[in-house]
> 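Quick one: the structure is below, and I'll ask about it shortly.
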Amino acid sequence: MSSASSAESDEDGSGQSTESTGSGESTESGDERLTLVEAVCDGLYTEMSADDRVVVLGEDVGKNGGVFRATEGLYEAFGDDRVVDTPLAESGIVGTGIGLALSGMRPVAEIQFMGFSYPAFDQLVSHAARFRSRSHGAYTVPMVVRMPYGGGIRAPEHHSESKEAFFAHEPGLKVVAPSTPSDAKGLLTAAIRDPDPVVFLEPKLIYRAFREAVPTGSYEVPLSDAAIRREGSDVTVYAWGAMTRPALIAADNVADEYGVDVELVDLRTLSPLDVETIVDSFEKTGRAVIVHEGPKTGGLGAEVAATIQERAVLYQEAPIKRVTGFDAPVPLHSLEDFYLPQAVRIQDGILETVAF
Amino acid sequence: MSSASSAESDEDGSGQSTESTGSGESTESGDERLTLVEAVCDGLYTEMSADDRVVVLGEDVGKNGGVFRATEGLYEAFGDDRVVDTPLAESGIVGTGIGLALSGMRPVAEIQFMGFSYPAFDQLVSHAARFRSRSHGAYTVPMVVRMPYGGGIRAPEHHSESKEAFFAHEPGLKVVAPSTPSDAKGLLTAAIRDPDPVVFLEPKLIYRAFREAVPTGSYEVPLSDAAIRREGSDVTVYAWGAMTRPALIAADNVADEYGVDVELVDLRTLSPLDVETIVDSFEKTGRAVIVHEGPKTGGLGAEVAATIQERAVLYQEAPIKRVTGFDAPVPLHSLEDFYLPQAVRIQDGILETVAF
Amino acid sequence: MSTQEDVDASKANELARTDDEPIRILDADGNVLPNASVPDLSAEELRSMYEDIALARRFDERAISLQRQGRIATYAPMTGQEGAQVATGYALEERDWLFPTYREHAAKYVHGMSLESLLKPLRGHRDGYAIPDDVNVLPEYIPIATQLPQAVGMAWGHQLQGRVEEAVLCHFGDGATSEGDFHEGLNFAGVFDVPAVFVCNNNQWAISVPRERQTASETLAQKAQAYGIEGVRVDGLDPLATYEVTRAALRKAKEPTDGERRPTLIEAVQYRYGAHTTADDPSVYREDDEGDAWREKDPLERLRNYLYSEGILDDERDGEITERVETKIDDAIAAAESAESDPDSLFEHVYDEPPARLREQREELNALREKYGDDAFSEVLE
Amino acid sequence: MSTQEDVDASKANELARTDDEPIRILDADGNVLPNASVPDLSAEELRSMYEDIALARRFDERAISLQRQGRIATYAPMTGQEGAQVATGYALEERDWLFPTYREHAAKYVHGMSLESLLKPLRGHRDGYAIPDDVNVLPEYIPIATQLPQAVGMAWGHQLQGRVEEAVLCHFGDGATSEGDFHEGLNFAGVFDVPAVFVCNNNQWAISVPRERQTASETLAQKAQAYGIEGVRVDGLDPLATYEVTRAALRKAKEPTDGERRPTLIEAVQYRYGAHTTADDPSVYREDDEGDAWREKDPLERLRNYLYSEGILDDERDGEITERVETKIDDAIAAAESAESDPDSLFEHVYDEPPARLREQREELNALREKYGDDAFSEVLE
Ligand SMILES: Cc1ncc(C[n+]2csc(CCOP(=O)(O)OP(=O)(O)O)c2C)c(N)n1
Ligand SMILES: Cc1ncc(C[n+]2csc(CCOP(=O)(O)OP(=O)(O)O)c2C)c(N)n1
Ligand SMILES: [Mg+2]
Ligand SMILES: [Mg+2]
């Protein structure tokens, strides 16, 4: 299932509110113009208000309100029992998060940057992911682990990771990466309410890139559906998180300049994949370009490509193209523009694919 | 580049020695009939004898000779300075291994089972993999991290992991998975001599499954070449490690029973992939079945499939099939036969693919 | 298993202050040491504790034999350590939570798991780690030390919910103290002052690595200082001392007095009489007679002697216990061996709702099973 | 930077035994404390140490200003901590190895890195972490505490190679003590008794988390007990005491006397005067006047006062130093700003030999650069 919605929005936050792009429905009326990071914070606030089992924990999430201000005001609103500054220890954060979940809480753990999630990898893949299965349903881990991910903000080394593929390969985890403020809030709400552990990846490049109308109150965007951000018939571009924006720019460009009609699928939830929407779109266009920031080899793009050709090879009219980070570490920031998939690379990939 | 070699061998170790299947060349003449685990041990012994920078470290690798006896006799031969029982701490093992490499040693670290490598994940991906790149070549980490992997031995929980995809997604690491004793020794030798960090995955299911003639003395099997284990023209099966054996059984079966001619490509080195051999074979057969133990979603099979269709879509005659572990944790051992790709599943996949 | 009597917490705490020599109540022959006083347990409770230790010892023998016959997979024996397992279990109230490792069979049993359930994972049963609703035991932990942060998190959760009366007791070995998770867990425990007790079953070996090589720290209890919490060493072969110390630690976790902190690290000094697991051969790395001195302090013998001398146990009752133990184990083996695993169940409980892809995979496997029969899946691969 | 004089190791070790109060040589005004004796450094060395601390402080001001102008990216200031950085650096011999974090700019400089090289990573230069062959400094560590096991490994390697004269000095913060890698690293250090010195720059804060919340341990030095190694607290705002303690620890690492163990954990008690980084606003989480008491013990002032009182420094020389420092920094900035990164270089040094696939990707990017021009890659994405 997927819903077509416009990803167009008001870049500088000064203009009129456009319609909400979230596919969920709000329980209260009205909406606010929020950035993505504000929408995350609003989502946390809303769920914490509604459910006192929800606790936020992590490094600097309390008094400081998070290094990106994603938890701003929560400490003041809910106190230090529910918004908890932890010691500097990621395995400890995720490990105690698991224990909190086992005790009946609904922990939302923050890992400060995805590049610092690896010390917690064991707790995530060996435990959070498997508790339900290994205990045959006796124990479950309804936990969210939030982490800003991705490049493009001139950050220091290890601050630009996009390794969603690591988490998507582990059965039992769900992986989410919103690309709009309203999705961020709705997906986060769904993640917190989800009975299973969710790795919630926040595209920090667009934390403050634009504002969008976000419903006040509580609503869910389900963790099962990709979104079609632009309908088209010539080629499908698959992207998520921060990459939906250059993908959209590229799509608009090739429409304007070459009359190529791009369909843009924003995966939103990376695990489990919305195979139906992915394949349906491909069956329509017969051509695909997959965009992601992480290294090409073994990236999630490989899974999308493999899935498409498994199920829709007879529709295929060109090789499935991957426009991705290279198989090299993200360089220090002077070169990150050349590492990340820019609109120019995506556009070139689209043109190559339609020309095949 | 790839060389055709027979994977046939003497299952019970009682019969005549067949020819060596290693593609490397030995510096000494003669060979011995070894199991895969013995070949690993022989490889370690040979390199430690030749190069006193080589040290072995890990849990129980010393006096005990390793829980699988892969380091048996090394402690007695080289002493406790070079065969080192460490405290029980994987991040410590890999982290100090990195430091040993930085100091000019050639550490070979053992992680007791792949399922226990995750606490060391950060040291592997954030450091071992990136030292050369981040220091612009000033520092390098010539380290091997050995780990038994895979299922099928009725082991307890967490002892049957096949998550090669995690490591293959990290630029800067090499990943190797031998399927024969002579390859095990030759690839291990090449790994130890390699100037970059290598994750060396040992298929414990076939540690003692069969003996094979293994050259004595020192030789390398290069970390760049897949091996064609069986030549064929109808369909290519891609496998590695323990899965090459059921793949071969399935290939022989479909040849006998259905006259289907399978080419079997044993990837051997999983990162970097030998794209040339992979694609060449596909261009010959136009059909592919990829076999691995790890979960399907995001497994290395996705990368192989994506790569094939990127480069050889015009040769493609059927969807590329993946016969893999399911997207569920490996179950406790009473059901692992149903989780792992057995010959029957591979055979069915082959038939489905040729019938398309 | 819970006992209702109050123990004199302050007394045990006083014992607990001793740092170097492990706390002991019984001498090697089962006599009460001068100045020591025995815990406030009824004759019945003491006999029951003894019976459970005897059961654990016999279970070990039977399990090792089952493994040799190929009827169960790799087994981690507990002989020499049953005293500590049973005693810590007796110190728990039913509502307390237990985090066991692969070796704490008896601790699990004493805290409410059936004997049969101990055997099911060893037979690789799909629901081997299922836990009944009313039993506060976690599935056993194999990845070393990973349970510590989780135990801390649960205790922290209880505290947040005002449920400090549900304390958490977390087991681990001497080797586990080297892992990062030991450190991160205990540090969180100290910072958040959670109602938890950490029992390090120092059995002197982590597979082939002796305690002295595991760390240069003189004792494992002293590692508590790094976390600002209390560390105690107890003779883990002395069930009464272990009971007393654990009981006091649990009480402190629930109701610390002024200046006290909730968490305690208990180092229960023990010895692994046998192999690490049935896949291990200790003669490769340790002297056969190393265990002799430890065996002289054997927990089963020691408690038996004490109970005999107190008139709580006699040959007749001991005989009855031996028989009862045998029957219980026979029944458990029979039940465990009759349980089957449905291949289809491997797809269950991965998520609350199975994703489409998993449903497809399930259908795929079932179609193949239908087509080829289940036997086709167990053809030997090697 | 190395000084050749011997220090009286046993004396410093004696100082080192004091556990609670940090070791101090100078009082807040720069007077030598009763019973303390100053390290055996020549007037020239002391002046040079002072100059480097002054340089560090000025570098900090300039770097913060550069960041505000958008000429460098996020910067982690060291004001308040330069004394400890420079002093520990002076304690090193040239052949010793330094493992710095993102904050140890001055420590790197003192151990041989150019000022220019400190700025290059901040400008995101591709070879920002390249290290000259003859400089024994590791690229800075951003993932917290990961350097500890690596430093231990290098020291262990030196020991195996009979190179114990190349000791390893490893920096990290108070927050780092909570990470598993701190624990695993120090535990290995104890077990393998490696020639390494661990300097915990306890600046009281880990971003917004105060030292008391990081751990319930009373001091960070006492964590050494968990590893059977020595822990020492020193006043990190006292360059002479820090020098002396570090020097003694390095000597012990290289030549322990009977019963001594090589590794030492030094807790250098300091204060982060400024923000965590230029991206941080400490007024959100700490009182502005919290630093006042610490600033009264300022390392630069304190050393200046001492040098004045000893006649080693006077206004004229101090003025020269100020000028020289400014010139050095001006030159470094100019050099760093003139350096360019070649986009093609992002493919370099991933492996010794680039795999085929990486070569292809390189060609792919270069073809696109050719086709569209480099400017097309810096179009704003947001
Ligand atoms: C993270 C991890 N690393 C390695 C292993 C393999 N392993 C299983 S038990 C064991 C030794 C554990 O020693 P200890 O903590 O003393 O417990 P004991 O077995 O003696 O009860 C090891 C290394 C594991 N299970 N988990
Ligand atoms: C593994 C990891 N987790 C989180 C971070 C983000 N981070 C950067 S600095 C810092 C605080 C470090 O505090 P401390 O160790 O006291 O050093 P200081 O910055 O005070 O010098 C944090 C949490 C990181 N760099 N690495
Ligand atoms: Mg042990
Ligand atoms: Mg700090």
Side-chain angles (χ1 to χ4, degrees), chain A residues 11 59-68 72 85-92 112-113 115-116 118-119 152-159 205-210 242-243 245-246 249 296-297 324 326-345 347-348, chain D residues 73-74 102 120-129 139-140 142-146 173-181 206-209 213-215 279-281 284-286 340-348 350 355 357-358 361-362 364-365 368-369 371-372 374 376-379 381-382:
Chain A
E11 301 285 320
E59 296 156 11
D60 309 295
V61 297
K63 248 188 164 170
N64 196 37
V67 294
F68 285 107
E72 195 162 27
D85 282 322
T86 65
L88 209 176
E90 287 74 18
S91 189
Q112 210 157 70
F113 289 85
F116 308 134
Y118 307 137
I153 64 158
R154 309 282 181 263
E157 221 189 352
H158 304 284
H159 287 69
L205 174 62
I206 55 170
Y207 256 162
R208 302 192 160 74
F210 60 97
M243 290 300 103
R245 294 176 55 74
I249 293 169
K296 180 173 188 178
T297 294
T324 67
F326 298 112
D327 289 337
V330 185
L332 291 184
H333 71 255
S334 70
L335 295 183
E336 70 175 336
D337 286 345
F338 293 94
Y339 182 87
L340 295 171
Q342 304 290 5
V344 61
R345 281 178 60 201
Q347 169 173 333
D348 195 81
Chain D
T74 310
Y102 47 85
K120 284 175 82 179
L122 300 165
R123 292 186 49 79
H125 204 275
R126 172 65 182 97
D127 67 359
Y129 295 127
E140 70 189 40
I142 288 178
I144 302 294
T146 53
D174 45 310
T177 63
S178 297
E179 287 279 6
D181 271 358
I207 310 187
S208 71
V209 178
R213 183 157 190 110
Q214 200 58 247
T215 177
D280 173 56
D281 174 10
V284 176
Y285 54 80
R286 70 181 189 188
E340 291 285 329
S341 295
D342 180 359
D344 191 52
S345 69
L346 79 84
F347 298 97
E348 283 169 9
V350 181
R357 185 170 262 209
L358 198 60
Q361 292 179 4
R362 182 181 199 154
E364 195 183 310
L365 178 64
L368 287 171
R369 290 172 58 205
K371 190 162 163 190
Y372 296 98
D374 280 1
F377 289 82
S378 48
E379 271 164 28
L381 289 184
E382 312 177 11

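Throughout, a chain's letter reflects where its sequence line sits, starting with A, and its residues are numbered from 1.
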> Using a 3.5 Å distance criterion without hydrogens, assess whether the side chain of D:R213 forms a donor-acceptor pair with backbone atoms of A:D85.
yes
> For D:L346, is it the side chain, the backbone, both, or neither that has a heavy atom closer than 4.5 Å to a heavy atom of chain A?
both
> Side chain, backbone, both or neither: which part of A:V67 has a non-hydrogen atom closer than 4.5 Å to chain D?
side chain
> Specify the closest pair of heavy atoms between D:R126 and A:S334, including all atoms of both residues, with the distance to one decimal.
N-OG, 3.9 Å
> Applying the side chain to side chain contact (heavy atoms under 4.5 Å, CB included) test to A:F116, which of D:I142, D:I144, D:T146 qualifies?
D:I142
> Over all heavy atoms of both residues, which pair between A:Q112 and D:I207 is shortest? Give the atoms and the distance, please.
OE1-CD1, 3.6 Å
> Identify the two heavy atoms, one from A:L335 and one from D:P343, that lie closest to each other, and give their separation to 0.1 Å.
CD2-CA, 3.6 Å
> Relative to chain A, which segment of D:R286 carries a heavy atom at a distance below 4.5 Å: side chain, backbone, both, or neither?
neither
> Against chain A, label D:R123 side chain, backbone, both or neither, depending on which of its atoms sit under 4.5 Å from a heavy atom there.
backbone
> Contact part of A:P331 toward chain D, heavy-atom cut-off under 4.5 Å: side chain, backbone, both or neither?
side chain
> If I compare all heavy atoms of D:Y129 with all of A:E157, which pair ends up nearest, and what's the gap?
CE1-OE1, 3.1 Å
> Working to the nearest 0.5 angstrom, can you tell me the gap between D:S378 OG and A:E336 CD?
11.5 Å
> State, yes or no, whether a side-chain contact exists between A:P87 and D:T215 at a heavy-atom distance under 4.5 Å.
no
> For D:A145, which atoms come within 4.5 Å of any heavy atom of chain A: side chain, backbone, both, or neither?
neither
> Highest number of heavy-atom pairs under 4.5 Å with chain A: which of D:A206, D:G128, D:A73, D:P143?
D:P143
> Taking atom types as modelled and ignoring hydrogens, do the side chains of A:D60 and D:S208 form a donor-acceptor contact shorter than 3.5 angstrom?
yes
> Against chain D, work out which of A:E59, A:H159, A:E90, A:R154 has the most heavy-atom pairs shorter than 4.5 Å and name it.
A:E90
> Is it the side chain or the backbone of D:D342 that comes within 4.5 Å of chain A heavy atoms, both, or neither?
backbone
> Tell me, out of A:L332, A:D327, A:V330, A:L88, who's got the most heavy-atom pairs with chain D below 4.5 Å.
A:L88
> Shortest non-hydrogen contact from A:V344 to D:Y372?
CG2-CG, 3.4 Å
> In terms of heavy-atom pairs under 4.5 Å with chain D, which of A:N64, A:T297, A:T86 leads?
A:N64
> Using 4.0 Å as the upper bound for N to carboxylate O, is an ion pair formed by A:D348 and D:K371?
yes
> How long is the span from the NE2 atom in A:H333 to the OG1 atom in D:T74, to the nearest 0.5 Å?
8.5 Å
> Within the 4.5 Å heavy-atom criterion, are A:F338 and D:R369 side-chain neighbours or not?
yes
> Do D:R362 and A:F326 meet the cation-pi criteria used here (NZ or CZ under 6.0 Å from the six-membered ring centre, within 45° of the axis)?
no
